[in-house]
2 protein chains.
Amino acid sequence: MTQPTNDLLRARYGESVPPTLNAIHPAIASMLSHRSVRAFTRDPLAPGTLEQIVAAAQSASNSSNLQSWSVVAVEDPGRKERLADLTGGEGRYVRDCPLFLMWIADLARLDAIGERRNLRREGLDYLELLMVSVIDTALAAQNAAVAAEAMGLGIVYVGAMRNQPELVAKELGLPPRAFGVFGMCVGHPDPSRPTSAKPRLPQAAVLHRERYDLEAITEPTDRYAEAMGHYYRRNNMKINGNDWAEHSLHRVRGAEALNSRDRLKQALTALGFPAH
Amino acid sequence: MTQPTNDLLRARYGESVPPTLNAIHPAIASMLSHRSVRAFTRDPLAPGTLEQIVAAAQSASNSSNLQSWSVVAVEDPGRKERLADLTGGEGRYVRDCPLFLMWIADLARLDAIGERRNLRREGLDYLELLMVSVIDTALAAQNAAVAAEAMGLGIVYVGAMRNQPELVAKELGLPPRAFGVFGMCVGHPDPSRPTSAKPRLPQAAVLHRERYDLEAITEPTDRYAEAMGHYYRRNNMKINGNDWAEHSLHRVRGAEALNSRDRLKQALTALGFPAH
């Protein structure tokens, strides 16, 4: 294995590189090197960049070819500023990136064509269709992320766009049955503020063979929790508690930790997803 | 633009290739050429393939580094057969593929470590955390799909694994708070049964600038609906109705069209996702 590939695996798995991983396909090496980018230069994107990203997104699999997602591309500084304000303090990169993509779980397109033709569509009211559209939005967005990174750009997902879904919908003029699932900042990474790939759980904690084995993941999960405690401290990153477990559980300790997203269900109902 | 790239764009967009798309990055060309593969040879996968796919999956972005997903790799013929039976008739490729990946929205790992340490975790009971884990599962799975295709393999997502989520959970021994979101067949495409990339909506029906414009997407959506009617008939594919709109709306006409997934909400409650 080449040294750069070995370095990528070490960055991703620390001491826990799977022993069977002794060769890596070049396309996978590129994915392995993903890191979220939250600082961008002021350089504009090359013409056609957005269209290429969207073409990649549309090439992802989707359920029954319903294509139940959309994307709103935001470049206007005022609108980025207002969207940034809706994240509750995480908005610096929303403001600074040259291109902000809002990924929309979209049953409105199908609803509209059904209305024009007066066709039944009660299936749209079920949780399954919300699930379908959220999944398809995510598959599309991840293709977009891989495409952007392949072009040398950096991205970061912005889940905080779910803090106030109704206000996001209002800002973007979303029709009923459309829901902003997450945002994505796209731009040229600021070379003066490099980021690194974040270590992940050992494969032994994530990959099961034939059946899920809850007992087998205990040791590798605990090992990772401890290693990540060291990682967060070594990199002067904020950590709530002593290790990854305490930090992560702090994040889900109760409704008060969810940055208003404890009311996501009500927000979705208001946006036209009864989700029976 | 090279002829192969032009062909890829024509396969994806038909007459509606965006005029600004006059160059395509090679990595994006590879994504553009995605097509679902439902017929596989009996060739086994090269050693290390699964580990590379999982490494790509783990390199995708995820929310707050909670890593709230898992994957169960199924190769046992008996188990694949039983899982195939749970899809209700779509299972031939589940049976035939050498590797079946079941992608799991997994809050169980975090729940278990919280239980061991006696830490609060009521946030797990909210729809937001189900949403987080489903999104992160999808991002991971799409990286896996791109990785598998980069290695020359073929994949197809199997959403029909949501038809009977409790029985899938039982077959795979899933703990509470773990939910099989979708399956994925992986294998060497059968060269005697080639498939082609499916045309998608024009970008004008999917990509909005600054604000969502429901009126602007009417014409390109109608145009696509008609073109896809011809496409389905030309390729002798089953179509319910005259065009893509009628076909798609038939798929969501009511609870009876959802292949039992109208009860997804109850199934999720039974699996330990109260999703308040």
Side-chain angles (χ1 to χ4, degrees), chain A residues 18 20-21 25 27-28 31-32 34 48 51-52 54 56 58-59 61 63-64 66-67 70 72 113-114 119-124 126-128 135 138-139 142 147 150-151 157 159 172-175 200-201 203 206-208 210-212 214 245 248-249 251-254 257-258 261-262 264-265, chain B residues 18 20-21 25 27-28 31-32 34 48 51-52 54 56 58-59 61 63-64 66-67 70 72 76 113-114 119-124 126-128 135 138-139 142 147 150-151 157 159 172-175 200-201 203 206-208 211-212 214 245 248-249 251-254 257-258 261-262 264-265:
Chain A
T20 44
L21 260 186
H25 190 282
I28 296 174
M31 275 187 272
L32 266 176
H34 160 76
E51 290 79 359
Q52 288 195 67
V54 173
Q58 289 192 268
S59 298
S61 297
S63 185
S64 307
L66 299 179
Q67 303 173 68
S70 293
V72 183
I113 200 166
L119 290 168
R120 282 185 64 206
R121 51 197 186 281
E122 290 100 71
L124 297 179
Y126 286 82
L127 178 60
E128 165 65 8
I135 292 168
L139 301 185
Q142 186 54 22
M151 289 191 280
Y157 281 86
L172 300 180
L174 301 187
R200 297 283 197 244
L201 285 159
Q203 290 204 351
V206 170
L207 169 61
H208 300 262
E210 300 300 333
R211 283 174 62 88
Y212 192 110
L214 191 58
S248 297
L249 284 153
R251 182 78 186 72
V252 298
R253 64 192 184 280
L258 300 186
R261 294 183 226 166
D262 53 309
L264 180 61
K265 195 175 198 167
Chain B
T20 43
L21 261 185
H25 189 282
I28 296 173
M31 277 186 272
L32 266 175
H34 161 75
E51 289 80 359
Q52 287 194 67
V54 172
Q58 289 191 269
S59 298
S61 296
S63 184
S64 307
L66 298 180
Q67 303 173 69
S70 294
V72 183
D76 176 68
I113 200 166
L119 290 168
R120 283 184 65 205
R121 51 197 185 280
E122 289 102 72
L124 297 179
Y126 286 82
L127 178 60
E128 164 65 9
I135 292 168
L139 301 185
Q142 186 54 22
M151 290 190 280
Y157 280 86
L172 299 180
L174 302 186
R200 298 282 196 245
L201 285 159
Q203 291 204 351
V206 170
L207 169 61
H208 301 262
R211 283 173 64 87
Y212 193 110
L214 191 58
S248 297
L249 284 153
R251 181 77 187 72
V252 298
R253 65 192 183 278
L258 300 186
R261 294 184 225 166
D262 53 308
L264 180 62
K265 195 174 195 167

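Residue numbers start from 1 in every chain, and the chains themselves are labelled A, B, ... in the order their sequence lines are given, proteins ahead of strands.
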Based on non-hydrogen pairs under 4.5 Å, which of [options] is most in contact with chain A?
| options | value |
| --- | --- |
| B/Asp76, B/Leu124, B/Leu249 | B/Leu249 |
| B/Ser248, B/Ala257, B/Gly48 | B/Ser248 |
| B/Leu127, B/Thr20, B/Val206 | B/Val206 |
| B/Leu264, B/Leu201, B/Leu32 | B/Leu201 |

When only pairs under 4.5 Å are counted, which of [options] shares the most heavy-atom pairs with chain B?
| options | result |
| --- | --- |
| A/Arg121, A/Gln203, A/Glu122 | A/Gln203 |
| A/Gln67, A/Met151, A/His208, A/Glu210 | A/Glu210 |
| A/Ser63, A/Ala56, A/Ser64 | A/Ser64 |
| A/Gly159, A/Ala27, A/Pro175, A/Ala138 | A/Pro175 |

Please answer whether the main-chain N or O of [Y] pairs with a side-chain N or O of [X] as donor and acceptor at a distance below 3.5 Å.
| X | Y | result |
| --- | --- | --- |
| A/Gln52 | B/His25 | yes |
| B/Glu128 | A/Leu258 | no |
| B/Glu51 | A/Pro18 | no |

| Heavy-atom side-chain contact between B/Tyr157 and A/Ile135 under 4.5 Å |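 No, every pair of side-chain atoms sits at 4.5 Å or beyond.
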
| said: Taking the side chain as everything from C-beta on, heavy atoms only, tell me whether A/Arg253 gets closer than 4.5 Å to B/Leu119. | reply: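 A/Arg253 vs B/Leu119: side chains apart.
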
| Between B/Met31 and A/Ser59, which heavy-atom pair has the shortest distance, and what is it? |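 Closest approach of B/Met31 to A/Ser59, heavy atoms only: O-CB, 3.3 Å.
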
| message | How close do B/Ser61 and A/His34 get, counting heavy atoms only, and between which atoms? | response |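 Closest heavy-atom pair between B/Ser61 and A/His34: OG-NE2, 3.1 Å.
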
Contact class of [X] relative to chain B, heavy atoms under 4.5 angstrom:
| X | value |
| --- | --- |
| A/Leu214 | side chain |
| A/Arg251 | side chain |
| A/Ala147 | both |
| A/Leu174 | both |
| A/Tyr126 | side chain |

| So which part of B/Arg200 gets closer than 4.5 Å to some heavy atom of chain A, the side chain, the backbone, both or neither? |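 Both backbone and side chain.
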
| field | Per-residue contact mode, B/Leu139 against chain A (heavy atom under 4.5 angstrom) | value |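 Both the backbone and the side chain of B/Leu139 come within 4.5 Å of chain A.
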
